[in-house]
Amino acid sequence: MQKVYTLRTLPGSKSSEIPDWMADLNPQQQAAVMHSGGPSVIIAGAGTGKTKTLVYRVAWLLEKGIPVNSILLLTFTRKASEHMLARVSAFNQAGGQVTGGTFHSFSNLVIREFGHHIGYGANFTILDKGDAQDRVDLLRNQLLQNLPKTRFPKKGTLLDIFSSHRNTGRPIEDIINSEYPQFQHLLDPIEKLFTGYQDHKKRYSLADYDDLLFLCRDLVRDHESVRTALNKRFKYILVDEYQDTNPVQAELVERIAGPDGNLMVVGDDAQSIYKFRGADFKNFLGFPERYPNAAVFKLEENYRSVQPILDVANSVMSQAAEKFEKTLFTKKPEGQLPVLITAPDENYQNQFIISRILDLREEGIPLSQQAVLFRSARNSYSLELELNANHIPFEKRGGNKFAESAHIKDMISYLRLLMNPKDVVSWNRVLQMVDGIGPKSADDIIRMLEESGIDNRVSEMVSPRYRTQLTLLLDTLTAWTADKEFKAIVDELIRFYRPVFEKRYFEDYPKREKDLDAFQAVSLKFSSIESFLSHLALDPVSFTQEDTLGTHADEAPLILSTIHSSKGLEWHSVFVMDLLDGILPSTFTLDKTEDLDEELRLFYVAVTRAKENLYLVYPGIQFHRQFNNYFTKPSRFITSLPDRLLEKWMLSAADDASTETKQIE
DNA sequence: CCGTACAATGTTTTT
DNA sequence: CATTGTACGG
């Protein structure tokens with residue numbers, strides 16, 4: 001059954017004098033920009049100038065004489081944050097100094113400053129997903145020696161359970177019963193492991209992504225001095241993509257703003273796609289209930305897409321079981337009908353996308369104004385191979401992060417030890433890189449080091465097989481600790497690591513080699529280990545982009561992206577690929593209406609990224625390993641669209657786009 | 001106990 | 001397909 005809600009819009013503050021530079025805003029945008037103070041919410045559909053409104057808002061505050069350092073601009077993803085800050089500073093020079101970033105990076109700074117109240121020094125270590133998994137694995141082996149490994153959930157699964165528990169507040173038992181019933185009998189050890197993991201992080205000054213938010217929330221909630229300090233510091237708080245904040249993030253900003261604070265939140269319930277992280281789009285629309293005096297602004301005029309694309313978007317959303325009433329419209333009525341392409345198989349799908357992209361480039365649409373979007377990072381693997389074969393430069397967003405690759409983690413481990421010599425997992429990694437040291441010896445050595453710190457006397461108590469090498473390692477680390485010059489340390493680190501690297505990744509080290517240079521290149525931008533490591537954990541995208549890929553490319557690259565990572569961005573032409581039932585919507589969501597709705601919103605996000613051209617593509621058949629069968633059905637989200645909204649192209653096996661494929665076979 | 005070679009296994013999305 | 005578990009020789 002469909003549930004449709006309507007929302008009442010309260011008038012914002014009226015102002016008679018509208019500055020000239022705001023002439024290109026519509027009345028609703030102007031009202032939001034010039035909102036006098038107190039809580040407010042902007043409900044902004046896709047492409048309705050949400051970012052622009054926020055940027056102008058900052059400019060307006062500055063013009064009114066609000067000090068730039070009392071403005072806080074929070075976003076949910078790194079890309080959105082970069083994008084927004086760049087626009088703010090392009091608009092107003094002083095705007096570059098606005099405090100801004102993701103919730104996680106902001107929390108990081110707060111904890112570094114005030115963490116001593118809760119036992120976190122300024123030099124605590126941030127754990128990315130892989131690090132956190134290593135910790136859980138280590139503890140699993142320590143705490144649960146009597147349990148058979150094979151029947152026990154893997155580290156990744158464990159961490160997912162923990163994270164879900166913390167972000168949604170659901171008890172671990174509930175999560176296991178509903179999503180992992182095969183582990184029901186292991187509830188006790190899993191809960192024990194969770195407690196062990198929490199203790200471990202506290203003891204060794206570690207914080208995973210969830211901790212950043214929780215620790216910061218705790219500081220603001222439980223320590224009046226911290227709360228007061230932040231209340232005084234940030235007088236105007238703006239939050240973008242608010243529909244994706246989870247309860248902890250919401251509590252955090254609301255506490256910093258205070259009950260009557262100037263908190264402005266912006267979002268779009270239709271683009272809520274982070275339920276798995278505890279976000280609920282209904283919280284966003286509940287904002288006016290929590291703040292009865294909040295002003296509500298609603299933006300519905302779309303400036304991005306041509307009407308035929310919006311027709312598809314509106315029709316997509318109309319399929320949602322639960323939604324708020326909203327219809328996007330535009331004054332850009334002209335435009336191509338979006339195209340639905342049925343390709344015989346995956347190869348034809350790739351060939352079609354590539355030849356179409358090249359055609360568009362011929363017509364004058366640069367590669368960087370085109371994007372290929374997909375549900376999950378792996379959907380694009382085969383397309384990436386083809387793009388390489390055709391020498392088309394591309395940048396991929398989403399999926400594996402540069403800083404998560406094994407060889408980069410190796411180098412990070414050395415640096416971590418310099419910052420935090422008690423870091424057991426980094427010791428574990430670093431020690432096992434010494435020839436002849438395996439899990440057991442590493443464990444023994446760590447026990448000894450826990451008492452003595454980095455001290456080469458330890459080597460004397462150790463097997464002669466690796467004594468020399470261990471001494472060298474410990475001496476080197478000691479020397480680096482003494483040496484304050486960060487740049488020199490990185491230099492030496494690379495020299496020290498290279499032989500290990502070549503042996504450890506003998507199979508494919510030439511391919512990984514350029515990453516070592518990239519690592520060094522990026523490190524040059526930082527003056528301390530701490531800031532470098534925080535950056536790597538919280539901001540890995542710019543890393544890949546600038547330094548691994550196209551610094552030397554003569555053409556701005558095509559964008560490949562997961563739909564999740566594409567939110568907030570726009571391109572002239574957009575391809576959405578692999579639109580099959582089982583991929584989008586994913587098989588994991590088919591039996592729950594709520595989850596299915598979220599997949600639908602995901603499709604909506606994909607569609608609304610396009611300005612002029614939209615191509616919806618699916619292969620007629622695709623092999624799926626896990627289920628050992630074929631997906632053959634196009635996504636239910638496209639088959640349910642009215643015919644008149646789409647042009648339909650059938651690629652047949654005879655089409656010339658496929659000649660290359662045929663030759664390979 | 002370490003390192004390697006091979007088989008098995010299970011795969012969303014992000015900070 | 002990449003990670004994780006197992007078997008075996010040094």
Side-chain angles (χ1 to χ4, degrees), chain A residues 74-81 101-108 126-133 137 140 148-157 159-160 163-164 167 182 207-214 241 244-246 248-249 272-279 373-379 381-382 397-401 403-406 431-444 463 465-466 503-504 506-508 534 536-541 561-567 578 582-589 595 598-599 601-603 605-606 624-628:
Chain A
L74 289 173
T75 58
F76 188 71
T77 62
R78 290 174 273 112
K79 256 287 63 85
S81 153
T102 62
F103 278 91
H104 289 84
S105 64
F106 173 70
S107 299
N108 173 40
I126 301 173
L127 307 178
D128 70 18
K129 195 176 181 168
D131 302 325
Q133 287 179 359
D137 208 36
R140 182 181 75 164
K149 269 191 173 181
T150 38
R151 300 271 173 216
F152 206 73
K154 293 205 187 125
K155 56 190 182 183
T157 313
L159 212 71
D160 287 346
S163 184
S164 170
N167 281 306
Q182 71 275 33
D208 63 22
Y209 288 136
D210 294 335
D211 291 321
L212 290 176
L213 302 177
F214 277 89
E241 305 284 8
D244 284 328
T245 54
N246 65 26
V248 193
Q249 292 165 316
S272 169
I273 53 176
Y274 285 95
K275 181 165 176 281
F276 67 95
R277 279 178 53 169
L373 308 181
F374 31 83
R375 170 70 236 253
S376 82
R378 70 162 60 84
N379 294 141
Y381 284 169
S382 68
R397 298 176 183 167
N400 282 341
K401 300 292 167 348
E404 278 163 21
S405 52
L431 287 170
Q432 290 197 47
M433 283 193 263
V434 174
D435 240 7
I437 300 184
K440 183 67 175 70
S441 309
D443 206 47
D444 294 342
S463 156
R465 199 146 57 96
Y466 46 79
K503 177 147 192 285
R504 203 165 147 85
F506 185 71
E507 302 290 310
D508 60 350
S534 296
L536 285 190
L538 296 172
D539 228 355
V541 161
S561 174
T562 59
I563 300 174
H564 281 89
S565 300
S566 75
K567 195 148 63 83
D578 276 349
I583 293 182
L584 182 73
S586 141
T587 35
F588 299 91
T589 63
D595 293 342
E598 173 131 328
E599 298 287 300
R601 291 194 293 269
L602 202 50
F603 184 45
V605 168
H624 194 287
R625 288 172 197 85
Q626 189 190 353
F627 301 100
N628 200 29

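Residue numbers start from 1 in every chain, and the chains themselves are labelled A, B, ... in the order their sequence lines are given, proteins ahead of strands.
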Of all the choices, C:dT4, B:dC1, B:dT15, which nucleotide is nearest to the side chain of A:K155 once you look at every atom?
C:dT4
Over how many whole Å does the gap from A:Q432 atom CD to B:dG3 atom C1' extend?
11 Å
Give the nucleotide from the list B:dT4, B:dT15, B:dC2 with an atom nearest to the side chain of A:H104.
B:dT15
Strictly below 4.0 Å: does A:S565 bring a side-chain N or O up to OP1 or OP2 of B:dT14?
yes
Contact nearer the 5' end of DNA chain B, comparing A:D160 with A:V434:
A:V434
Stacking between B:dT15 and A:F103, yes or no? Criterion: centroid separation under 5.5 angstrom, plane angle under 30 degrees.
no
Rounded distance (Å) that lies between atom C1' of B:dT12 and atom CZ of A:F588
6 Å
For A:D443, is there an ion pair with A:K440 - N to carboxylate O distance below 4.0 angstrom?
no
For A:Y381 and A:K154, take the nucleotide of DNA chain C holding the closest heavy atom to each; which residue's nucleotide lies nearer the 5' end?
A:Y381
5' precedence on DNA chain B between A:G436 and A:H564 (nearest-nucleotide basis):
A:G436
Quick one: does A:R375 reach the base of B:dT13 with a side-chain donor-acceptor pair under 3.5 Å?
yes
Is the closest basic N to carboxylate O distance between A:K503 and A:D435 below 4.0 Å?
yes
Residue whose nearest DNA chain C nucleotide is more 5′ - A:R465 or A:G156
A:G156
Just to be sure I understand the rule, does A:D208 reach a base, reach only the sugar-phosphate, or reach nothing, if contact means heavy atoms closer than 4.0 Å?
nothing
Can you tell me how far P of B:dT12 sits from CD1 of A:I563, to the nearest Å?
16 Å
Whole angstroms only, please: what is the CD1-P distance between A:I126 and B:dT14?
19 Å
What is the distance, rounded to the nearest whole Å, between atom CG of A:N246 and atom P of B:dT14?
16 Å
Mind checking if A:Y274 touches a base, just sugar-phosphate, or nothing, with heavy atoms under 4.0 Å?
sugar-phosphate
Just the rounded figure in Å: distance from P of B:dT11 to CD of A:Q133.
12 Å
Protein-nucleotide distance (A:L536, atom CG; B:dT15, atom P), rounded to Å:
15 Å
Classify the nucleic acid contact of A:K129 as base, sugar-phosphate or nothing, counting any heavy atom under 4.0 Å across all strands shown.
base
If only side-chain N and O atoms count, and only distance matters, is there a donor-acceptor pair under 3.5 Å linking A:S586 with A:T589?
no
Quick one: NE2 on A:H564 to CZ on A:F374, what's the gap to the nearest 0.5 Å?
13.0 Å
Decide, applying a 5.5 Å centre-distance limit and a 30° plane-angle limit (both strict), whether A:Y209 stacks on B:dT14.
no
Nearest to the side chain of A:F276 - B:dT12, B:dT14, B:dC1?
B:dT14
Answer yes or no: is there an ion pair linking A:D244 with A:K567, defined by an N-O contact shorter than 4.0 Å?
yes
If you look at every strand shown and take non-hydrogen atoms under 4.0 Å, does A:K567 touch a base, only sugar-phosphate, or nothing?
nothing
Is any NZ, NE, NH1 or NH2 atom of the basic residue among A:K275 and A:D595 found under 4.0 Å from an Asp or Glu carboxylate oxygen of the other?
yes
I want to check one thing: is the phosphate of B:dT14, taken as OP1 and OP2, less than 4.0 Å away from some side-chain N or O of A:T562?
yes
Name the nucleic acid region contacted by A:L602, choosing base, sugar-phosphate or nothing; use a 4.0 angstrom heavy-atom cut-off, strictly under.
nothing
Scan A:S441 against the nucleic acid and name what it touches under 4.0 Å (heavy atoms): base, sugar-phosphate only, or nothing.
sugar-phosphate
Flag the pair A:Q432 / A:P439 as yes when at least one side-chain heavy-atom distance between them is below 4.5 Å, and no otherwise.
yes
A:N379 CG to C:dC1 P, in whole Å, measures 13 Å
If you go through the side-chain atoms of A:R378, does one of them form a donor-acceptor pair with the base of B:dT11 closer than 3.5 Å?
yes
